[in-house]
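Quick notes on the structure that follows.
Quick note on labels: first sequence line is chain A, next is B, and so on, each numbered from 1. Note that the structure is predicted; figures quoted are calculated from it, not measured.
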Amino acid sequence: MSETKLIPTKPDTALILLGCPQVPIQTSAALYLSGILNKKDVDVTIGGTKAARSLIQIADIDGIYTGGPGGIQDLDAVIDKMADGTFDADVSFVFVHNEAGVAYTATLQALSSGTIIAVVFGGETEARMNELTEIGCPAVTAKGSHNPLPLKRKIDEVVSWDA
Amino acid sequence: MGCIEKLNYEVIDKHVSFKEAATFIDKNCAEVYEVKPGFKIFDKGMIGIPPVRIGLDGDVVTFPFTKPCYGTFLLRVSDAVEADMIRRKAKNIRH
């Protein structure tokens, strides 16, 4: 079976945009994705709310997984810099579990010249996938809030571009 | 202007979709404008699913405002400077 890869070639830069941290697997999946991208020499920037950033920063106190050049930034600051044209990324992963996450995804679609991929999880993945289909955004999804393994497997499929 | 949370705003509705926000603005505001997500209002890039609508009634600005954990609110703020900026920079849909 042959499928078109969402990321066909290695990106130089990536943005991980975190949603509301109320669903536990977001932090685990974000740390994992950032770590994988770092290993693949992709410069990672992470954007999130104060609570989402704290969960990441405390879990990775020495920046082993999240110590990319872009650092960990305030969500609004990332959006404002993209709107000003002073920041962009080759690929942006938007973590989505609620309707607000879909709105942030649509915003990045409007602001970024790079590839936007929604990472969908939580208890309402069907509704989120329908909303993302409406705005034409590619997505990977794994239903659930506590077990990060299904989402990890989906992430692995996405970050497997050709060398 | 500072951040939106510090403004003297009125919450018209909460947990609205962008379609619902646009419908409300179309039906209830004298002037209707359309902007791209990221359009700066009160110094903050707007979050939204296009078409993102902003309504004006004189100096009163009606707009959707999204928070990551709380969804989208429809807010109303009276601000002459911001209303003037919107008239100059946003695409007018109805005057």
Side-chain angles (χ1 to χ4, degrees), chain A residues 16-23 26 30 47-55 73-88 92 94-113 116 118 122 124 127-128 130-137, chain B residues 1-7 9 11-25 33-55 61-75 77 82 85-86 88-91 93:
Chain A
I16 298 173
L17 203 70
L18 303 172
C20 178
Q22 71 187 108
V23 180
Q26 171 171 275
T49 63
K50 186 177 180 183
R53 297 196 312 273
S54 291
L55 283 161
Q73 302 187 22
D74 174 66
L75 179 64
D76 292 335
V78 170
I79 298 294
D80 285 347
K81 282 190 261 188
M82 292 184 100
D84 291 340
T86 57
F87 172 77
D88 201 354
S92 294
V94 188
F95 280 60
V96 176
H97 68 84
N98 59 12
E99 288 182 60
V102 178
Y104 275 89
T105 306
T107 302
L108 256 62
Q109 281 184 309
L111 296 178
S112 175
S113 61
I116 311 297
E124 301 174 339
R128 300 293 87 81
N130 287 338
E131 291 157 3
L132 289 161
T133 300
E134 277 188 30
I135 64 170
C137 185
Chain B
M1 296 301 299
C3 74
I4 287 169
E5 284 91 339
K6 291 179 182 168
L7 298 172
Y9 60 80
V11 178
I12 299 171
D13 206 352
K14 56 189 174 183
H15 302 304
V16 296
S17 69
F18 281 86
K19 282 178 188 166
E20 289 166 341
T23 300
F24 179 92
I25 288 167
Y33 294 82
E34 190 169 297
V35 297
K36 275 179 57 179
F39 180 84
K40 288 209 173 171
I41 182 170
F42 300 108
D43 280 346
K44 190 166 180 175
M46 289 185 79
I47 303 304
I49 299 171
V52 179
R53 297 274 167 86
I54 301 174
V61 184
T62 302
F63 61 101
F65 175 61
T66 299
K67 291 174 72 75
C69 294
Y70 301 102
T72 300
F73 297 79
L74 194 56
L75 300 183
V77 177
E82 212 66 8
M85 180 279 293
I86 291 162
R88 284 184 287 107
K89 293 188 176 177
K91 179 183 174 187
I93 300 296

Would you mind reporting whether A:L75 and A:L18 have side-chain heavy atoms less than 4.5 Å apart? no
For residues B:F63 and B:F42, establish whether the separation of their ring centroids is below 6.0 Å. yes
Interface check, chain B: of A:I135, A:D84, A:T105, A:L108, most non-hydrogen pairs under 4.5 Å belong to A:D84
B:F24, CZ: over 12 other non-hydrogen atoms inside 6.0 angstrom: yes
In terms of heavy-atom proximity below 4.5 Å to chain A, should B:K36 be classed as side chain, backbone, both, or neither? side chain
Is chain B contacted by the side chain of A:E134, its backbone, both, or neither, given a heavy-atom distance below 4.5 Å? side chain
Top of B:T72, B:I47, B:I49 for chain A proximity - count of heavy-atom pairs under 4.5 angstrom: B:I47
NZ of B:K91 to CZ of B:F39, rounded to nearest 0.5 Å, is 13.5 Å
Backbone N or O of A:R128 within a donor-acceptor pair of the A:H97 side chain at under 3.5 Å? no
Contact part of B:T66 toward chain A, heavy-atom cut-off under 4.5 Å: side chain, backbone, both or neither? both
Do B:P64 and B:V16 make a side-chain contact, defined as non-hydrogen atoms from C-beta onward lying under 4.5 Å apart? no
Under 4.5 Å from any heavy atom of chain A, what part of B:K67 do you find: side chain, backbone, both or neither? backbone
Interface moiety of A:D80 toward chain B, non-hydrogen atoms closer than 4.5 Å: both
